[in-house]
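Proteins get letters first, then strands, A, B, ... in listed order; numbering begins at 1 in each.
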Number of protein chains: 2
Amino acid sequence: MVEQPHGDQGLQTRDRILATAARLFSENGYEHTPLSQVAREAQVSKALVLWHFDSKEALFRAALGRTLEPYHLDVEDLEGLDERAQIELLMDRFYEFVRGNVYSVRFLFGLLIRAEPKRDDVIGKVSDLYDLFRSVLADIIERGRARGLFRADANPRLDASLILVSLGGILIEQLMRDRDQSAELMDHLKQTVFRRLIV
Amino acid sequence: MVEQPHGDQGLQTRDRILATAARLFSENGYEHTPLSQVAREAQVSKALVLWHFDSKEALFRAALGRTLEPYHLDVEDLEGLDERAQIELLMDRFYEFVRGNVYSVRFLFGLLIRAEPKRDDVIGKVSDLYDLFRSVLADIIERGRARGLFRADANPRLDASLILVSLGGILIEQLMRDRDQSAELMDHLKQTVFRRLIV
DNA sequence: GTCTATATACAGATAGAC
DNA sequence: GTCTATCTGTATATAGAC
């Protein structure tokens with residue numbers, strides 16, 4: 001896509017369109033968000049939306065970038081904690097992130113699970129994040145084992161994966177069902193994890 | 001919807017339309033399945049589809065019923081097995097069912113996770129199945145504990161829930177990612193579960 | 001019951017004035 | 001940059017012949 005030169009007014013408007021699109025795509029999905037709605041809620045005409053972004057698909061990609069911005073894994077503040085506390089912190093962070101980004105998580109999930117258009121774009125990004133999370137967890141488990149804090153028969157790769165899929169399962173339980181027992185389940189998962197890991 | 005009287009030919013055709021719709025909705029979702037495609041692949045006209053089913057939505061509901069037919073939980077053959085084997089059998093059955101019904105699972109999942117039309121219809125059915133599965137698991141754990149096979153500190157309700165969400169997590173991992181490590185993870189989950197439960 | 005032909009609505013996208 | 005007006009395609013649904 002070619003970036004036209006914009007004045008201040010243009011940037012402002014373009015940004016408002018983008019923010020509106022990101023919100024609507026997150027809330028209602030690509031299919032259920034007509035350009036007319038984006039235009040209306042951004043208080044511009046359809047034609048202007050398509051002037052800034054060449055097509056609905058281009059708009060989607062741009063909005064996706066914005067939606068994914070808060071998705072990253074911050075590991076800097078893990079230092080100084082023992083391995084158990086590190087794992088616990090990561091699990092809590094995952095949980096809180098999901099709770100704080102329900103709309104976009106639901107949206108991305110829909111993209112990944114369905115045959116929605118252009119899921120290939122996002123699948124790489126989310127996959128990378130997932131793999132990063134897992135490898136960070138596995139490294140922590142490995143270190144804990146080397147230090148003698150965790151059991152010798154801990155399996156860093158599989159234990160990390162199991163923690164992740166369990167977190168994922170709690171997340172979808174939370175996304176799909178009314179009655180939210182996720183806090184209780186999180187506690188129980190932690191107990192189970194550490195009972196398995198800790199010597 | 002009013003059921004018109006049909007002759008043999010009508011029933012046959014109606015059934016073919018229904019089967020085609022169920023397959024296409026499962027494969028591509030409601031939004032990506034125009035009536036024209038249903039009609040073409042069922043080798044009838046669009047008008048006939050709408051003669052048998054009053055609207056696309058009515059067709060969807062009818063097809064959904066058919067899609068959900070294989071979704072049930074058979075617990076009769078659990079008798080005679082000890083509690084560990086019962087749990088293992090249920091986990092395997094869940095796993096195999098998902099692998100054998102990828103399309104419809106993916107479809108239902110999409111319905112549940114997204115704001116697709118009429119998800120309320122299906123959510124009850126799937127929710128019931130989920131609750132049934134969990135209560136069956138919880139009962140087995142409770143019995144195993146009473147028998148002294150499982151640890152006294154086993155928590156039937158939470159342990160059952162954790163098994164279920166972990167299974168669910170493995171399932172989505174399997175649905176979303178290319179590299180399929182689900183068999184390995186299933187094994188590891190079982191080990192972890194029984195290490196936690198067994199005395 | 002099944003068809004062809006058509007009505008109606010709305011989507012994404014373009015043309016051209018300002 | 002931003003608009004109004006319009007094009008074009010395709011969707012669901014209906015009318016009416018057979």
Side-chain angles (χ1 to χ4, degrees), chain A residues 1-25 27-64 110-111 114-118 121, chain B residues 1-25 27-64 114-118 121:
Chain A
M1 189 189 61
V2 182
E3 285 290 329
Q4 282 89 354
H6 300 97
D8 278 326
Q9 193 60 33
L11 265 180
Q12 220 172 281
T13 304
R14 182 192 155 97
D15 216 53
R16 198 171 66 248
I17 294 170
L18 199 53
T20 305
R23 176 173 60 79
L24 290 175
F25 286 146
E27 286 177 12
N28 308 320
Y30 182 84
E31 310 291 333
H32 292 93
T33 307
L35 286 179
S36 56
Q37 190 185 4
V38 176
R40 193 182 336 116
E41 301 201 15
Q43 293 175 296
V44 294
S45 65
K46 264 196 307 181
L48 187 61
V49 174
L50 287 168
W51 184 88
H52 280 290
F53 308 91
D54 293 342
S55 67
K56 187 185 181 184
E57 185 179 318
L59 175 62
F60 171 75
R61 289 178 192 282
L64 187 62
L111 270 188
R114 305 268 330 276
E116 275 233 37
K118 320 309 160 206
D121 283 28
Chain B
M1 189 190 63
V2 182
E3 285 289 330
Q4 283 88 354
H6 299 96
D8 276 325
Q9 193 60 34
L11 265 181
Q12 218 171 283
T13 305
R14 184 193 155 95
D15 215 53
R16 198 171 65 247
I17 293 170
L18 199 55
T20 306
R23 176 173 59 80
L24 291 175
F25 286 145
E27 287 176 10
N28 309 321
Y30 181 84
E31 310 291 334
H32 291 92
T33 307
L35 286 179
S36 56
Q37 191 185 4
V38 176
R40 193 180 339 113
E41 302 202 15
Q43 293 176 295
V44 294
S45 66
K46 269 195 303 181
L48 187 60
V49 174
L50 288 168
W51 185 87
H52 280 290
F53 308 90
D54 292 344
S55 67
K56 186 185 181 183
E57 186 180 317
L59 174 63
F60 171 75
R61 291 178 190 283
L64 188 62
R114 306 264 334 272
E116 275 233 38
K118 320 311 160 206
D121 283 27

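- For the atom pair NZ (A:Lys56) and CZ (A:Phe25), the distance works out to 5.5 Å, reported to the nearest 0.5 Å.
- Looking at the side chain of B:Ser45, the nearest of the listed nucleotides C:dC3, D:dT4, C:dT2 is C:dC3.
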Considering only nitrogen or oxygen atoms on both sides, find all protein atoms under 3.5 Å from nucleotides 10-16 of chain C and state each distance.
{"unit_1": "C:dG12", "atom_1": "OP1", "unit_2": "A:Lys56", "atom_2": "NZ", "d": "2.8"}
{"unit_1": "C:dG12", "atom_1": "OP2", "unit_2": "A:Leu35", "atom_2": "N", "d": "2.8"}
{"unit_1": "C:dG12", "atom_1": "N7", "unit_2": "A:Lys46", "atom_2": "NZ", "d": "3.3"}
{"unit_1": "C:dA13", "atom_1": "OP2", "unit_2": "A:Lys56", "atom_2": "N", "d": "2.8"}
{"unit_1": "C:dA13", "atom_1": "N6", "unit_2": "A:Lys46", "atom_2": "NZ", "d": "3.4"}

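- As a whole-Å value, the separation of B:Arg40 CZ from D:dT12 C1' is 15 Å.
- Under 3.5 Å, the side chains of A:Gln37 and A:His32 contain no donor-acceptor pair of N or O atoms.
- Put simply, CD on A:Gln43 is 16 Å from C1' on D:dG1, counting in whole angstrom units.
- Distance A:Glu31 CD to D:dT10 P: 16 Å, rounded to the nearest Å.
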Only distances under 3.5 Å count here; give the side-chain donor-acceptor pairs of residues 43-50 of chain B to other protein atoms, sequence neighbours excluded, each with its distance to 0.1 Å.
{"unit_1": "B:Ser45", "atom_1": "OG", "unit_2": "B:Leu48", "atom_2": "N", "d": "3.2"}

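- Atom pair B:Phe53:CZ and D:dA13:P shows a separation of 13 Å (rounding to whole Å applied).
- Each end of the helix from C:dG1-D:dC18 to C:dC18-D:dG1 yields a helix axis from five base pairs, and these two axes differ in direction by 10° (to the nearest 10 degrees).
- The two residues B:Leu18 and B:Ala62 make their nearest non-hydrogen contact at CD1-CB, 3.5 Å.
- To the nearest 0.5 angstrom, B:His52 atom NE2 is 11.0 Å from B:Leu59 atom CG.
- Here the shortest heavy-atom pairing between A:Thr33 and A:Val38 reads CG2-CG2, 3.7 Å.
- Here D:dA11 presents its P atom at 11 Å from NE2 of B:His32, a figure rounded to the nearest Å.
- Here the straight-line distance linking atom CG of B:Leu64 with atom CD of B:Glu57 works out to 11.5 Å at 0.5 Å rounding.
- Following rounding to the nearest Å, A:Arg14 (CZ) and D:dT2 (P) show an atom-to-atom distance of 12 Å.
- As rounded to whole Å, 15 Å separates atom C1' of D:dA11 from atom CG of B:Leu59.
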